[in-house]
Amino acid sequence: MRIPPRVLTVAGSDSGGGAGIQADLKTMLALGTHGMSVVTAVTAQNSLGVQGAWELPAEAVRAQFRSIVDDIGVQAVKTGMLASPELVRTVARLLAGVDAPVVVDPVGVSKHGDRLLAAEALESVRERLLPTATVATPNLDEVAELTGVKVTDEDGMREAARAILAYGPRWALIKGGHLPGAPVDLLSDGREEHWFRGARHDNRHTHGTGCTLASAIAAHLAKGLDVPQAVGAAKAYVTGAIAAGFPLGAGIGPVDHAWQWG
Ligand SMILES: Nc1ncnc2c1ncn2[C@@H]1O[C@H](COP(=O)(O)OP(=O)(O)OP(=O)(O)O)[C@@H](O)[C@H]1O
Ligand SMILES: Cc1ncc(COP(=O)(O)O)c(N)n1
């Protein structure tokens, strides 16, 4: 009997199914793991943007987390939209007691420019959440908000990695997808440097790329890969999913989580 590795996402729901909890669970299934969820917030969201967002009480987040960890157990955790300072602090406290790798995607603003994290929560992300991370996966906008470093080239990505590592994650993965040219990501622990270069797909249907990459890293860590191997495998998965992204609704469609299944 196959018992798949167990992976937990702590994130917000995207009603449109392209990002957030829905992207995370699809990615975890596609990579052969058992996905579980702690919902932090519910968004009304589609291909055009976020029409509404409601966060859950901290007690509901704690209860979901305890139900999973105290009975089923987890082999890796991924965090996404955490909405408020109180939820960031709640999740950071819960993660401190977990003996499994943690991937922190410090989600700030959606692709359409809607805030998914209150500006007042940035300090808690820096001081409480980042220190719990095995890998933190900011995009360049999140790097700028969290550290003040404005990246325009690959040297800037090195500076960004140092600035993120100063808050205490074991590894920083700086996502350069928003720079022109081939999408390149830098993984660093302050000693080793790994550059991951993918092919750019000129596909506007890229809703959910960040969530998908972070969840894929968590899934591969749960399967026993080390961090550089997990990031390499996750980058290959998200690149394929972006290449197969498809139109839905009138705006930006989702990446295809099932691309490997044809
Ligand atoms: N057009 C593209 N073609 C191929 N890979 C891409 C493209 N855009 C981004 N990527 C890759 O996708 C992954 C996610 O990066 P990205 O910078 O898009 O994250 P993100 O900004 O958190 O996501 P989002 O923009 O959805 O919030 C990275 O590995 C990045 O290099
Ligand atoms: C609930 C929720 N969480 C996260 C994102 C960011 O998505 P992406 O993966 O595109 O960075 C989103 N749009 N909605």
Side-chain angles (χ1 to χ4, degrees), residues 9-27 37-56 78-83 87 103-117 135-146 151 154 157 160 173-187 194-217 230-245 251-257 259:
T9 169
V10 182
S13 164
D14 168 6
S15 54
I21 290 276
Q22 288 78 359
D24 299 343
L25 293 176
K26 290 174 195 181
T27 299
S37 59
V38 168
V39 179
T40 57
V42 173
T43 70
Q45 190 171 171
N46 57 24
S47 72
L48 299 171
V50 178
Q51 289 82 38
W54 298 267
E55 55 183 89
L56 266 73
K78 175 256 169 177
T79 70
M81 173 185 179
L82 297 181
L87 289 187
V103 181
V104 169
D105 185 14
V107 172
V109 177
S110 86
K111 206 156 248 150
H112 292 94
D114 307 287
R115 280 219 77 90
L116 300 174
L117 178 78
V135 193
T137 65
N139 66 24
L140 299 185
D141 296 331
E142 291 152 0
V143 165
E145 268 206 333
L146 288 167
V151 177
E154 292 188 7
M157 291 177 72
L173 179 68
I174 309 298
K175 295 178 293 191
H178 298 188
L179 286 179
V184 59
D185 304 336
L186 169 62
L187 176 71
H194 302 262
W195 293 88
F196 297 90
R197 287 172 206 280
R200 176 168 297 278
H201 295 285
D202 273 328
N203 183 348
R204 70 187 288 254
H205 303 300
T206 54
H207 184 55
T209 51
C211 303
T212 300
L213 178 67
S215 294
I217 296 170
V231 171
K235 174 86 174 164
Y237 174 72
V238 78
T239 303
I242 291 169
I252 300 176
V255 302
D256 185 358
H257 293 99
W259 67 276

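Since the model is a prediction, treat every value here as computed from it, not as a measurement. Numbering of ligands and ligand atoms starts at 1, following listing order.
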key: Nitrogen or oxygen atoms of Asp185 and ligand 1 under 3.5 Å apart   = yes

key: Numbering as shown, the atoms of ligand 2 that approach Leu116 to under 4.0 Å (heavy-atom distance)   = 4 (C), 5 (C), 12 (C), 13 (N), 14 (N)

ask   = Cut-off 3.5 Å, side chains only: do Thr212 and His257 have a donor facing an acceptor?
value = yes

ask   = Quick one: does ligand 2 sit under 4.0 Å from the side chain of Cys211, the backbone, both or neither, non-hydrogen atoms only?
value = both

Test of proximity, Glu142 against ligand 1: N or O pairs below 3.5 Å = no

ask   = Looking only at heavy atoms, which two atoms of Ala160 and Val151 are closest? And how far apart?
value = CB-CG2, 3.8 Å

message = Below a 4.0 angstrom heavy-atom separation, can you tell me which part of Lys111, side chain or backbone, both or neither, approaches ligand 1?
response = side chain

Side chain to side chain donor-acceptor pair (under 3.5 Å) between Thr40 and Glu55, worked out = CA-CA 6 Å; Thr40 57; Glu55 55 183 89; over 6 Å; no

task = Please indicate whether any nitrogen or oxygen in Gly210 is less than 3.5 Å from any nitrogen or oxygen in ligand 2.
result = yes

query = What is the closest protein heavy atom to atom 27 (O) of ligand 1, and at what distance does it sit?
reply = Asn139 ND2, 4.1 Å

message = Please determine whether a side-chain nitrogen of the Lys or Arg among Asp256 and Lys26 lies less than 4.0 Å from a carboxylate oxygen of the Asp or Glu.
response = no

message = Yes or no: does Thr239 have any heavy atom under 4.0 Å from an atom of ligand 1?
response = no

query = Non-hydrogen atoms of Ala11 versus ligand 2: any pair closer than 4.0 Å?
reply = no

key: Sub-4.0 Å heavy-atom contact, Ser110 with ligand 1   = no

ask   = Heavy atoms, side chains only, cut-off 4.5 Å: are Leu179 and Leu140 in contact?
value = yes

ask   = Under 3.5 Å, N or O to N or O, is Gly208 touching ligand 2 that way?
value = yes

key: Non-hydrogen atom of Ser13 closer than 4.0 Å to ligand 2   = yes

inquiry  = If only side-chain N and O atoms count, and only distance matters, is there a donor-acceptor pair under 3.5 Å linking Asp185 with His194?
reply    = no

task = Can you figure out which of Ile242, Val255, Thr209 has its heavy atom closest to atom 10 (N) of ligand 1?
result = Ile242

ask   = Can you list the atoms of ligand 2 that are under 4.0 Å from a heavy atom of His207?
value = 13 (N)

key: Heavy-atom nearest option to atom 30 (C) of ligand 1, drawn from Lys235, His178, His207, Lys175   = Lys235

